[in-house]
Protein chains: 2
Amino acid sequence: MVAEPGCAGTSTRQGPFADDCPSRVVLNHVANRWGTLIVTSLHEGPMRFHQIRDNIGGISEKMLSQSLRLLIRDGLIDRTVEPSTPPRVTYSLTPLGLELAALLRTLVDWITLRTDDIVAAQERYDRAQSA
Amino acid sequence: MVAEPGCAGTSTRQGPFADDCPSRVVLNHVANRWGTLIVTSLHEGPMRFHQIRDNIGGISEKMLSQSLRLLIRDGLIDRTVEPSTPPRVTYSLTPLGLELAALLRTLVDWITLRTDDIVAAQERYDRAQSA
DNA sequence: CGGTATCCCATGCGATACTG
DNA sequence: CAGTATCGCATGGGATACCG
């Protein structure tokens, strides 16, 4: 055994700070270009494939499909198929995913709220650099 | 004007869900492979370059330097140089960055706590697929 | 110590076309 | 509708070497 799940005793680093810990992988599934937005979208409620795509500007079907599969594998999202014609597929958060979505929602809301401040900081920085 | 900072009225989407909103860029600075870990590291207190590098397994100096510059530009991190020989450079969170770090810390802690559950889900998924 | 510059490979990701 | 397959480029990111 090299790195146990919790990664408590393998090095001085813990959790995602250790690069050989499974939690690092999980963090990368969530904290990437699309993961946060997908999970946060589903916090509104169950959605179908095209609904999610339309809710997230600029995401391609390929990346949505690929990201969904990773998150389903991680046990964060459920995929439900109603056997009709055509089949109706719905994505929803698992109890585990719901916990995570609440946290990510807070993050997204904070960024939305603070974007003005951040843009102002960027402009200050750029002006200082050009001087 | 195309997209105002808050991105409230430009489309049906808001905040980072709109791909032309500045908040999307900010989200990508924070929610990527290294951003979350860097900001969370500094939640412990001010740190020097090599301390941060040593605290985050697998990060290269190039990516640390590059990511730090983006986060400094966003007004989330401060860079302080003490004029000694050799100069001593310290990175710390700004008040804005501290707010963010608290949120990200919660995220990292949750992932650390739930890694066992997630790994179990992954193994269940993989077994179901191979069957 | 605290970085930057360059090189180059790996992969993320979009565009397009196709399937049940 | 709900995807998958293939292609190809743009970017991310590591290795190495170098600078104040």
Side-chain angles (χ1 to χ4, degrees), chain A residues 16-20 24-39 41-42 46-74 77-92 125 129, chain B residues 16-20 24-39 41-42 46-74 77-92 125 129:
Chain A
F17 291 96
D19 63 346
D20 58 348
R24 170 72 68 91
V25 177
V26 176
L27 179 62
N28 290 160
H29 289 174
V30 168
N32 64 34
R33 192 166 172 193
W34 304 118
T36 297
L37 292 173
I38 293 171
V39 173
S41 287
L42 291 176
M47 296 177 82
R48 302 177 57 189
F49 189 84
H50 280 211
Q51 272 184 288
I52 305 175
R53 187 202 58 186
D54 294 343
N55 192 48
I56 302 175
I59 194 171
S60 66
E61 299 196 342
K62 174 184 164 182
M63 288 315 298
L64 178 54
S65 170
Q66 202 170 100
S67 304
L68 279 172
R69 232 178 302 128
L70 285 176
L71 295 167
I72 291 168
R73 178 170 181 266
D74 291 341
I77 291 181
D78 258 341
R79 182 180 191 270
T80 312
V81 184
E82 287 180 55
S84 54
T85 48
R88 174 176 293 250
V89 181
T90 307
Y91 296 91
S92 58
Y125 181 94
Q129 295 309 306
Chain B
F17 290 97
D19 62 346
D20 59 347
R24 170 72 69 91
V25 177
V26 176
L27 179 61
N28 290 160
H29 289 173
V30 168
N32 65 35
R33 189 164 173 193
W34 304 118
T36 297
L37 292 173
I38 292 171
V39 172
S41 285
L42 290 175
M47 296 177 84
R48 301 177 59 186
F49 189 86
H50 280 212
Q51 273 184 289
I52 305 175
R53 187 203 57 185
D54 294 343
N55 193 47
I56 301 176
I59 194 172
S60 65
E61 298 196 343
K62 173 184 165 183
M63 290 315 298
L64 178 54
S65 172
Q66 202 171 99
S67 304
L68 279 171
R69 232 180 300 128
L70 286 175
L71 296 168
I72 290 167
R73 178 171 181 267
D74 292 340
I77 291 181
D78 259 342
R79 182 181 191 271
T80 311
V81 184
E82 286 179 56
S84 54
T85 47
R88 173 177 294 247
V89 182
T90 307
Y91 297 91
S92 58
Y125 181 94
Q129 295 309 306

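Residue numbering restarts at 1 for every chain, and letters A, B, ... go by the order of the sequence lines.
Distance, B:Ile77 CD1 to C:dG2 C1': 16 Å, rounded to whole Å. Atom CD in B:Gln51 sits about 13 Å away from atom C1' in C:dG2, given to the nearest Å. At whole-Å resolution of the value, CD1 in A:Ile72 and P in D:dT4 are 9 Å apart. Between the CG atom of B:Asp54 and the C1' atom of C:dC1 there is a distance of 13 Å, given to the nearest Å. As rounded to whole Å, 15 Å separates atom P of C:dC1 from atom CD of B:Glu82. Rounded to an integer number of Å, the gap from B:His29 NE2 to D:dG13 P is 12 Å. Atom CG in B:Leu70 sits about 11 Å away from atom P in D:dG13, given to the nearest Å. Atom pair B:Arg53:CZ and D:dG14:P shows a separation of 13 Å (rounding to whole Å applied).
Of all heavy-atom pairs between B:Ser67 and B:Ile38, the closest is CB-CD1, 3.5 Å. When every heavy atom of B:Val81 is checked against every heavy atom of B:Pro87, the shortest pair comes out as CG1-CB, 4.1 Å. The shortest heavy-atom contact between B:Thr36 and A:Ala31 is OG1-CB, 4.1 Å.
Over its length, the helix from C:dC1-D:dG20 to C:dG20-D:dC1 turns its helix axis by 50°, as judged from the five terminal pairs at each end, rounded to 10°.
Distance alone, capped at 3.5 Å, places no donor-acceptor pair between the B:Thr90 side chain and the B:Met47 backbone. Side chain of B:Arg79 to backbone of B:Leu68: no donor-acceptor contact under 3.5 angstrom is found.
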(request) Can you check each nucleotide of nucleotides 12-17 of chain C against protein heavy atoms at under 4.0 Å and return B for base, S for sugar-phosphate only, - for none, in 5' to 3' order? (result) -BBB--
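The side chain of B:Arg69 places no N or O atom within less than 4.0 Å of a non-bridging phosphate oxygen (OP1 or OP2) of C:dG3. In this structure, B:Arg48 does not reach the C:dG3 phosphate: none of its side-chain N or O atoms is under 4.0 Å from OP1 or OP2.
Side-chain contact check for B:Leu42 versus B:Gln51: every heavy-atom pair is 4.5 Å or farther apart. The shortest side-chain heavy-atom distance between A:Phe17 and B:Leu37 falls under the 4.5 Å cut-off. You'll find the side chain of A:Phe49 stays beyond 4.5 Å of the side chain of A:Val89, heavy atoms only.
The B:Phe49 side chain lies nearest to C:dG3 when the options are C:dG3, C:dC1, C:dT4. Taking only side-chain atoms of B:His50, from C-beta outward, the nucleotide of D:dA2, C:dG3, C:dG2 with the closest atom is C:dG2.
Remark: A:Ser41 engages A:Asn55 in a side chain to side chain donor-acceptor pair (under 3.5 Å) (not counting sequence neighbours).
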